[in-house]
There are 2 protein chains.
Amino acid sequence: MEKDLFGICPFVTTQKILTGKWTLIIMHCLSERTIRFNELQRALPTLTSTTLTKQLRMLEEHGLIIRTVYNQIPPKVEYSLSDLGKNFKPVLDELEIWGNQYIDFIRNKKQV
Amino acid sequence: MEKDLFGICPFVTTQKILTGKWTLIIMHCLSERTIRFNELQRALPTLTSTTLTKQLRMLEEHGLIIRTVYNQIPPKVEYSLSDLGKNFKPVLDELEIWGNQYIDFIRNKKQV
DNA sequence: GAGGATACTATCTAATAAGATACTAACAAT
DNA sequence: ATTGTTAGTATCTTATTAGATAGTATCCTC
């Protein structure tokens with residue numbers, strides 16, 4: 001993304017944060033509850049641990065999610081939303097509404 | 001994006017549509033008014049015509065924007081939102097709010 | 001002592017996307 | 001005849017992402 005607009009324009013800035021291919025569903029999952037790494041993997045079976053780790057790290061770096069490590073064996077790591085992440089909820093809600101509209105739209109197009 | 005979730009999950013589906021690096025600001029510009037190719041270029045000076053064309057074509061293919069060609073010389077082509085594109089406005093509004101919050105957040109972080 | 005559970009990491013390859021550069025068509029004005 | 005205008009296209013290179021594969025540490029249970 002352009003340096004000149006990142007940190008200035010809210011659209012360019014947000015787009016940069018949402019570049020990851022899975023960020024929206026991850027954010028959606030976390031908006032429902034705190035969740036463990038493994039649970040996320042099971043929820044998104046087509047996503048490998050390599051990619052999941054990368055996306056989570058990126059969201060953590062951007063301050064949207066919090067990673068909590070429990071010092072036990074076998075390991076336990078929980079992911080939850082930060083305040084900034086929680087404030088993202090209205091975006092997710094609107095995205096869900098629009099996304100479902102879009103899905104209807106393409107279904108109708110195919111039927112004709 | 002995964003075929004298994006595209007067209008089913010609203011988040012995965014929307015993320016796919018928003019992959020373009022400039023789609024959000026383009027949608028924002030078009031949500032304010034119908035606009036010509038050249039005007040968009042001037043509004044986004046760091047974006048080349050190659051990339052702008054690609055993004056516009058993609059949004060058109062997905063049914064979010066409408067391309068109107070006026071048969072005159074020099075050429076005139078206008079871009080505007082379809083109904084589906086207009087329905088995207090609430091998402092943009094929430095994104096703008098959150099994006100500005102995020103910008104404040106990183107500014108404060110840097111100051112500390 | 002073998003296998004399972006968890007949450008990864010390292011390395012590499014493949015796929016996708018962005019951008020640089022140069023060019024085009026057609027007419028109007030100078 | 002040359003220049004300007006608009007909305008692109010074609011080609012190529014570079015950058016960014018995703019994903020495949022294999023492996024790690026530590027303890028518990030069988």
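Here is the naming used below: chain letters follow the sequence lines, and residue numbers restart at 1 for every chain.
- Shown here are the side chain to side chain donor-acceptor pair (under 3.5 Å) partners of A/Ser82, two or more places apart in sequence or in another chain: there are none.
- Residue B/Tyr79 is classed as a sugar-phosphate contact, given heavy-atom separations below 4.0 Å to backbone atoms only.
- One interatomic measurement links the two molecules: CG of A/Asn71 to P of C/dA7, which rounds to 13 Å at whole-angstrom precision.
- The side chain of A/Thr19 sits closest to D/dT17 out of C/dC8, D/dT17, D/dG19.
- Annotation: side chain of B/Lys21 is not in contact with side chain of A/Gln15 (no heavy-atom distance under 4.5 Å).
- Listed by residue number, there are no residues of residues 23-44 of chain B with a heavy-atom contact under 4.0 Å to DNA chain C.
- Here the side chains of B/Leu81 and B/Ser31 are in contact, with some heavy-atom distance below 4.5 Å.
- Note on B/Thr50: a base of the nucleic acid sits closer than 4.0 angstrom, heavy atoms only.
- Look at CG on B/Leu47: it is 14 Å from P on D/dA7, rounded to the nearest Å.
- To the nearest 0.5 angstrom, B/Leu5 atom CG is 7.0 Å from A/Ile25 atom CD1.
- Under a cut-off of 6.0 angstrom, the local environment of NZ in B/Lys89 is sparse, with at most 12 non-hydrogen atoms contributed by other residues, nucleotides or ligands.
- Aromatic ring orientation, A/Phe105 versus A/Tyr102: tilted (interplanar angle from 30° to 60°).
- To the nearest 0.5 Å, the span separating OG1 on A/Thr23 from CZ on B/Phe11 amounts to 11.5 Å.
- Not a single ring-ring contact (aromatic ring centres under 6.0 Å, His included) links A/Phe37 to another residue, sequence neighbours left out.
- Partners of A/Gln41 under the side chain to side chain donor-acceptor pair (under 3.5 Å) rule, at least two apart in sequence or in another chain, do not exist in this structure.
- The heavy-atom pair separating B/Arg36 from B/Glu39 by the smallest distance is N-OE1, 2.7 Å.
- Side-chain contact check for A/Leu18 versus A/Phe88: some heavy-atom pair is nearer than 4.5 Å.
- Residues of residues 51-64 of chain A having a heavy atom closer than 4.0 Å to DNA chain C, listed by number: A/Thr53, A/Arg57.
- Rounding to whole angstrom units, NZ of residue A/Lys21 and P of C/dA14 are separated by 16 Å.
- We find that NZ of B/Lys76 is positioned 12 Å from C1' of D/dT6, with the value rounded to whole Å.
- In this entry the distance linking CZ of A/Arg67 with C1' of C/dT9 reads 12 Å, nearest Å.
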Just by protein heavy atoms under 4.0 Å, how would nucleotides 23-30 of chain D read 5' to 3' in B, S and -? ---BS---

